[in-house]
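Let me begin by presenting the structure, written as structure tokens, before commenting on it.
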Amino acid sequence: MKPQSGNTYFQNDNFQSVSNSLSNSASQGLTTPEVEASQIRTVFVTGFPADVTPKEFHNLVRFFTGYEASQLHNKTGVYLQAFALFNNHASAVQACNILNQLPYDAENTLTAKIAHKNLYLKDAPTILRADTTGKVSLNIAWVSPSSPSSSYPVSQAPSASNLPGYLQSDAPVRSPVSGFAPVLNKYDNLPCNTLFIGNLGDSVDEAELRLVFGSLFGFKQLKLICNPRQVGGSQVSCFVEFSSVTAAAAVHASMQGAIFNSSDRGPIRIQYSKNPFGKRSAHPGVAQGIAQGVSAPQLLSHGLMLGDGAPMFLPPGVVPNGGGPPGHHINPGALPFGPGVLGEVSWSNAVSPFPLS
DNA sequence: AGCACA
């Protein structure tokens with residue numbers, strides 16, 4: 001593909017000032033950035049080759065559930081930045097989880113994060129929008145690459161050509177995550193490569209969990225645990241193993257507080273497992289837990305600041321959600337976000353049907 | 001608020 005000559009689709013007037021954005025937030029009763037987090041429905045993607053085009057990115061994300069519009073920036077001297085807007089936070093998180101670490105081609109791997117601000121839709125030729133003709137009715141963003149019959153299959157590495165849900169089926173698969181809600185995570189364990197998933201609905205099954213976790217970066221296996229003796233709480237829990245602590249940490253952050261279709265008792269609670277998959281505790285009976293107050297500032301999974309924002313226990317080099325890659329911090333004032341799209345997400349703290357549990 | 005498997 002021929003590299004773009006010049007910066008034909010970068011325009012300074014696409015940018016909205018941060019002060020505008022903040023004052024708009026305040027007018028909606030949102031006083032901290034954290035409160036807005038669950039309303040962010042934009043994914044920020046980097047890692048493209050220099051010759052990527054806006055239409056190329058649009059075609060990469062156009063079949064994701066909830067996709068609304070995208071914009072690619074190619075400012076001289078700045079690495080390529082793409083933004084994709086979805087119609088709610090959950091869809092943005094799912095797209096983010098698919099796009100992150102996705103090999104784009106032989107030399108380039110994408111990095112995807114939830115953006116700091118939503119893409120501001122304006123009548124600009126640089127913004128490509130979802131098809132509205134009705135001719136494209138596919139609305140698939142989540143098809144597990146795993147075989148449902150095998151017990152613990154290792155997910156295949158996704159690539160742009162065999163993207164999960166990408167023109168694979170004429171029977172759309174319903175998105176397994178319907179939203180996010182705040183969740184307390186008072187006690188967590190030391191980060192490891194295995195996650196403990198709590199507060200699952202009693203009707204959850206392995207197939208649903210595979211839809212959610214099976215295609216995430218680094219997924220290795222999961223195990224569903226049923227404890228009928230458990231009274232008054234969730235009788236079902238799940239262990240999910242990833243290929244690295246880093247991969248587990250990313251899912252710990254991005255899927256915290258997710259609400260599944262089977263969720264009838266509130267959002268899931270994700271903790272690091274007391275013991276990694278397949279490894280026995282060195283000293284049984286010795287407390288390993290670490291009080292964490294809450295799971296994190298939780299910029300991604302919900303909009304309430306719970307606790308004091310105690311430090312996350314991420315391994316070196318892992319950036320909490322919302323951050324940029326090391327050495328590539330995003331200047332919010334230089335991003336094309338405006339306030340026009342806040343408050344339109346399907347879920348907000350004010351209408352969460354679940355008590356904080 | 002529930003941590004199995006080896």
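Just the heavy atoms: all of them, side chains too, but no hydrogens, waters or symmetry mates, feed the values below.
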Verdict with supporting geometry, A:F219 and A:V240, side-chain contact (heavy atoms from CB on, under 4.5 Å)
CA-CA 8 Å; A:F219 171 84; A:V240 188; 3.7 Å; yes
Of all nucleotides in DNA chain B that come within under 4.0 Å of a heavy atom of chain A, which is furthest toward the 5' end and which toward the 3' end?
B:dA1 to B:dA6
Enumerate the residue pairs fulfilling salt bridge (charged side-chain N to carboxylate O under 4.0 Å, His left out) with a member in residues 224-248 of chain A, sequence neighbours excluded, ordered by first and then second residue.
A:K220-A:E241
Salt bridge (charged side-chain N to carboxylate O under 4.0 Å, His left out) pairs, two or more places apart, involving residues 189-205 of chain A
none
Consider only side-chain N and O atoms of A:S234 and A:N199, and report whether a donor and an acceptor are under 3.5 Å apart.
no
Over all strands shown, is A:P228 touching base, sugar-phosphate only, or nothing at heavy-atom distances under 4.0 angstrom?
nothing
Tell me what A:Q271 touches on the nucleic acid: a base, only sugar-phosphate, or nothing, going by heavy atoms under 4.0 Å.
base
Closest-nucleotide ordering on DNA chain B, the 5'-leading residue of A:K279 and A:S237
A:S237
Cut-off 3.5 Å, side chains only: do A:N87 and A:R41 have a donor facing an acceptor?
no
